[in-house]
There are 2 protein chains.
Amino acid sequence: MEFGPDDQIDYDGPVTPYKQLAAILKARILRGDWLPNRPIPSEARLVQEYGLARTTVRRAIQVLVDEGILFVMPQRGTFVSPPSTPAQG
Amino acid sequence: MEFGPDDQIDYDGPVTPYKQLAAILKARILRGDWLPNRPIPSEARLVQEYGLARTTVRRAIQVLVDEGILFVMPQRGTFVSPPSTPAQG
DNA sequence: ATTAATTTGTTCGTATGTATC
DNA sequence: TGATACATACGAACAAATTAA
């Protein structure tokens, strides 16, 4: 068994909370909880939902932004990136 | 009663303090004081608790890390390794 | 047009760990 | 032994743009 993205944060675990949240959000996206070009819950909402500080939530989001999974529209929200369309095959 | 890892360090004994501490920590882990994937007390805490220098504490921890009993997550803490599950007998 | 609420952006301070010198 | 660096987390506050009423 290994560390997987549950729905709860393990504060005392070896994996930092922001990495846990990043994994959780990624899993939820892949699961289809939020669709491409659709916003994920606001930072404030995620703070509530997972009981984390906003800085921690933002760090998790930044991870997924760096991975190209999310993109941010300032003052509008954070959205699920559309599937890569290389060459428009 | 036999010779075993007590809770106190014998500075005048034949066994070096860091080896004594390693034995103590190992005993406490096997006893279940700290569970798998859970952090053991911080280095600073162990320094206080056993009255040892930090270098000594770290040396003791390194022994158990080498034995696979502990693993360190930088900037996070030192954790008890999960039980090896070979073949899941 | 005003106002208020929402949402991301930014910064500061405090605390806790290990890492390093 | 002591000091500093680095990574992480929480809390709070404020700015700026957007949106809704």
Side-chain angles (χ1 to χ4, degrees), chain A residues 3-26 28-29 33-82, chain B residues 9 11 16-22 24-26 28-29 33-82:
Chain A
F3 299 111
D6 307 317
D7 286 308
Q8 294 302 324
I9 302 295
D10 180 9
Y11 300 92
D12 292 332
V15 179
T16 60
Y18 87 89
K19 285 185 179 176
Q20 292 182 51
L21 179 56
I24 290 173
L25 294 180
K26 186 173 182 177
R28 294 188 65 178
I29 291 168
D33 279 18
W34 307 300
L35 300 181
N37 289 317
R38 292 278 140 194
I40 67 173
S42 70
E43 297 174 354
R45 188 71 187 79
L46 293 175
V47 166
Q48 282 185 311
E49 191 165 340
Y50 292 98
L52 296 171
R54 195 179 158 211
T55 52
T56 305
V57 167
R58 285 176 62 79
R59 206 178 303 232
I61 290 175
Q62 189 56 51
V63 170
L64 301 186
V65 168
D66 291 343
E67 290 185 27
I69 294 175
L70 294 175
F71 66 97
V72 178
M73 300 283 281
Q75 279 71 56
R76 286 197 42 76
T78 302
F79 301 76
V80 178
S81 299
Chain B
I9 302 294
Y11 299 93
T16 59
Y18 86 90
K19 285 184 179 177
Q20 290 183 51
L21 179 56
I24 289 173
L25 295 180
K26 186 173 182 178
R28 294 188 64 177
I29 291 168
D33 279 15
W34 308 300
L35 301 181
N37 287 318
R38 293 281 123 187
I40 68 173
S42 69
E43 296 175 355
R45 187 72 186 79
L46 293 175
V47 166
Q48 281 185 312
E49 192 165 341
Y50 292 99
L52 296 170
R54 192 174 162 212
T55 51
T56 305
V57 168
R58 285 173 65 81
R59 203 175 308 197
I61 289 175
Q62 189 55 51
V63 169
L64 301 187
V65 168
D66 291 342
E67 290 185 27
I69 295 176
L70 294 176
F71 66 99
V72 178
M73 298 290 280
Q75 277 73 52
R76 185 89 180 122
T78 301
F79 299 77
V80 178
S81 299

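To find a chain, count down the sequence lines: A is the first, B the second, and so on, and within it residues start at 1.
A:Phe79 has its CZ atom 12 Å from the P atom of D:dT18, to the nearest Å. When rounded to the nearest whole Å, the span between CZ of A:Arg59 and C1' of D:dC10 equals 11 Å. Atom CD of A:Glu43 and atom C1' of D:dG11 are 15 Å apart (whole Å). A straight line from OH of A:Tyr18 to P of D:dA7 spans 10 Å, rounded to a whole angstrom.
Phosphate proximity of D:dA9 to A:Tyr11: absent, as no side-chain N or O sits under 4.0 Å from OP1 or OP2. In terms of phosphate contacts, A:Thr56 brings no side-chain nitrogen or oxygen within less than 4.0 Å of OP1 or OP2 of D:dT8. Contact check, A:Thr55 against D:dT8: no side-chain N or O comes under 4.0 Å of OP1 or OP2.
The closest donor-acceptor contact from the side chain of A:Gln20 to the backbone of A:Val15 lies under 3.5 Å. At distances below 3.5 Å, not a single donor-acceptor pair connects side-chain atoms of B:Arg45 with backbone N or O atoms of B:Ile40.
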Taking it one step at a time, do A:Leu25 and A:Leu64 satisfy side chain to side chain contact (heavy atoms under 4.5 Å, CB included)? CA-CA 8 Å; A:Leu25 294 180; A:Leu64 301 186; 3.7 Å; yes
May I have the step-by-step check of side chain to side chain contact (heavy atoms under 4.5 Å, CB included) for B:Ile29 and B:Trp34, ending in yes or no? CA-CA 6 Å; B:Ile29 291 168; B:Trp34 308 300; 3.8 Å; yes
From CA spacing to verdict: side chain to side chain contact (heavy atoms under 4.5 Å, CB included), B:Val80, B:Leu70: CA-CA 5 Å; B:Val80 178; B:Leu70 294 176; 4.2 Å; yes
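The shortest distance between side-chain heavy atoms of B:Tyr50 and B:Thr56 does not fall below 4.5 Å. Residues B:Leu21 and B:Val57 have side chains in contact (heavy-atom distance under 4.5 Å, counting atoms from C-beta outward). Within the 4.5 Å cutoff, side-chain heavy atoms of A:Val63 are placed close to those of A:Tyr18.
In the 5' to 3' direction, nucleotides of DNA chain C lying under 4.0 Å from heavy atoms of chain B begin and end at C:dG17 to C:dT20.
By the neighbour-count criterion of 12 heavy atoms within 6.0 Å, atom CZ of B:Arg38 is densely surrounded, having more than that number from other residues, nucleotides or ligands.
Within residues 60-68 of chain A, no residue places a heavy atom under 4.0 Å from DNA chain C.
Side-chain atoms of A:Thr16 lie closest to D:dT8 of the nucleotides D:dT8, D:dG11, D:dT18.
Comparing B:Ala53 and A:Gly51 along DNA chain D, the residue whose closest nucleotide (by nearest heavy atom) sits nearer the 5' end is B:Ala53. Mapping A:Gln75 and A:Arg54 onto DNA chain D via the closest heavy atom, the residue that lands nearer the 5' end is A:Arg54.
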